[in-house]
Amino acid sequence: MRIAMIGTGYVGLVSGTCFSEFGLDVVCVDMDEGKIDRLKQGEILIFEPGLDQLVKTNAASGRLSFSTDLKSAVKDADAVFIAVGTPSRRGDGHADLSYVYAAAEEIAHAIDGYTVIVTKSTVPVGTGREVQRIIKETRPDANFDVVSNPEFLREGSAINDFMRPDRVVIGAETDRAKEIMRQLYRVLYIIETPILFTSLETSELIKYAANTFLAAKITFINEVADLCEKVGADVHDVAKGIGLDGRIGKKFLHPGPGYGGSCFPKDALALVKTAQDYGSPLRIIETVVDINDKRKTAMADRIMAACGGSVDGKTVAILGLTFKPNTDDMRDSPSLAIVSALLDAGATIKAYDPEGMDEAKRMMPDVIYCEDTYATMDGADVLVIVTEWNEFRSLDFARIKGLLSAPILVDLRNIYTPEDLAQAGFSYHCIGRATRKPGPR
Ligand code: UGA
């Protein structure tokens, strides 16, 4: 089986590499020559644990290659995956499908013999049907089927998510297309991964429904966390108490500064737009989007409150800038809204992130970037943990006390406990674990 993977962004590169690890021949195609040249040299442009090694071994085995030549990659392929970007269209939140449609047209010109065209990018309901129409119109003689096969990879654990997924969803409508897809995922059949065959539209909607459900789950626990602070409850015990109910489940109930990343914010907005367009609004997700947006800036208010009401003229030390650990991705990270609000309020910001600083420097040029954790705190008035990187989990608080002008820690990821920090002599502010006297407003 041969695969052409169009697009060497996050999804394309991880999926293409993992398919080659399954034993298939994969050509990853991108029109960016510089990117392809660097990939050929084994240079991985994204930070994803384990990916560089997997690329290296599969490229050495000859199963994985990189090319700018879409035509010959598609010509020889049994399946062509479209894994190009679908950014939010400026201004209105709809997904911008121009890259997907342009790829479909190019693929149509190159198809030779029966080929399955698979949309792997997250695309709104109806996109697969439109890809089908474009290919048919461009090449009326083409012998093909369009399939939807959404990815459920998390940044930072994408390889494991691909190799050992909870399920694979395949929107395929002919036996021939289903058979090709079965063969591509043969390795997962062997380990009895549930594989769900659906229509094109159903598969496309499953992806959005999954992401927005998770976004809603996080938003729910974030609001419960705020209530916990008011009533004197502990959000972690609440999460455990509800999560042990098998119908609710334990995962994605960790409170924080609001969800970020390249997926949840964009997908929630896109689903809201699709639902409105079809006259069937998803009011619950509209509310989730609104709450999450406001939450990110509300985190800056918490930091100001921890500093006695104002950060004007003060220095805030921030640990962690990426939207979560184990990624260099800064897209829609809560840190962006927090830093911007603090700068507006007159603060000086010093920050450190293990992987995200190159990107952060481009997005937030007014921040002072430090070379390590402790340099960030030197002379600062408050310490804030925004992203829960492992290296921030065992800080030396005696040392920190000597660096900060006052021992104040705002822990937006709850990686420490109020008891431990009280013992260390810190004024500790976390999420959803009452550190002040509860009571009604
Ligand atoms: C998400 C989904 O989890 C993947 O299944 C999906 O394939 C991917 O989007 C996508 O559509 O491509 P990802 O954005 O990499 O993956 O990150 P998550 O681990 O889901 O985290 C998203 C955000 O939620 C982060 O900001 C994280 O800090 C936050 N989060 C997550 C919480 O605040 N609390 C939690 O309990 C879990």
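As the structure lists them, so they are numbered: ligands from 1, and atoms in each ligand from 1.
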- Determine, using heavy atoms of Cys263 and all atoms of ligand 1, whether some pair is separated by less than 4.0 Å. yes

- Rounding to 0.5 Å, atoms CG (Leu39) and CD1 (Ile44) come to a distance of 5.5 Å

- Any chance you could measure Lys207, atom NZ, to Thr212, atom OG1, to the nearest 0.5 Å? 10.5 Å

Tell me, which protein residue and heavy-atom name are nearest [atom], and how many Å apart are they?
atom: atom 28 (O) of ligand 1; value: Arg413 NH1, 2.9 Å
atom: atom 34 (N) of ligand 1; value: His254 O, 2.8 Å
atom: atom 26 (O) of ligand 1; value: Gly260 N, 2.9 Å
atom: atom 12 (O) of ligand 1; value: Glu151 OE2, 2.7 Å

- For residues Phe213 and Tyr208, establish whether the separation of their ring centroids is below 6.0 Å.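 No; Tyr208 has its ring centre 6.0 Å or more from that of Phe213.
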
Tell me the contacting part of [X] for ligand 1: side chain, backbone, both, or neither, using a 4.0 Å heavy-atom threshold, strictly below.
X: Lys324; answer: side chain
X: Lys251; answer: neither
X: Lys250; answer: neither
X: Leu253; answer: backbone

Output yes when the distance from some N or O of ligand 1 to some N or O of [X] is under 3.5 Å, and no in every other case.
X: Glu388; result: no
X: Tyr259; result: no
X: Arg154; result: no
X: Leu153; result: yes

- Item | Passing option when Tyr416 is tested against Tyr428, Phe392, Phe397 for ring pair (Phe, Tyr, Trp, His ring centres under 6.0 Å) | Phe397

Which ligand 1 atoms are under 4.0 Å away from a heavy-atom of [X]?
X: Glu155; value: 15 (O)
X: Asn211; value: 2 (C), 6 (C), 9 (O), 10 (C), 11 (O)
X: Lys207; value: 6 (C), 7 (O), 10 (C), 11 (O), 12 (O)

- Task: Counting heavy atoms only, name the option from Phe264, Tyr10, Phe323, Phe152 that's nearest to atom 5 (O) of ligand 1.
- Result: Phe152

- Task: Ignoring hydrogens, just give me the one of Asn292, Ile218, Thr387 whose non-hydrogen atom is nearest atom 31 (C) of ligand 1.
- Result: Ile218

Using only heavy-atom distances, determine whether the side chains of [X] and [Y] contain a donor-acceptor pair under 3.5 Å.
X: Asn292; Y: Arg295; answer: no
X: Asn160; Y: Ser157; answer: no
X: Asn149; Y: Tyr185; answer: yes

- Query: Is it true that Arg38 and Asp32 have a side-chain N and a carboxylate O under 4.0 angstrom from each other?
  - Reply: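 Salt bridge: no.
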
- Message: I'd like to know if Arg362 and Asp358 make a salt bridge, using a cut-off of under 4.0 Å between side-chain N and carboxylate O.
- Response: no

- Query: Below 4.5 Å, heavy atoms only, C-beta onward: do Phe426 and Ile400 meet side chain to side chain?
  - Reply: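 A side-chain contact exists here, since the closest heavy-atom pair is under 4.5 Å.
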
- Query: Taking the six-membered ring of Phe152 as reference, does the NZ or CZ atom of Arg167 fall below 6.0 Å from its centre and within a 45° cone about the axis?
  - Reply: yes

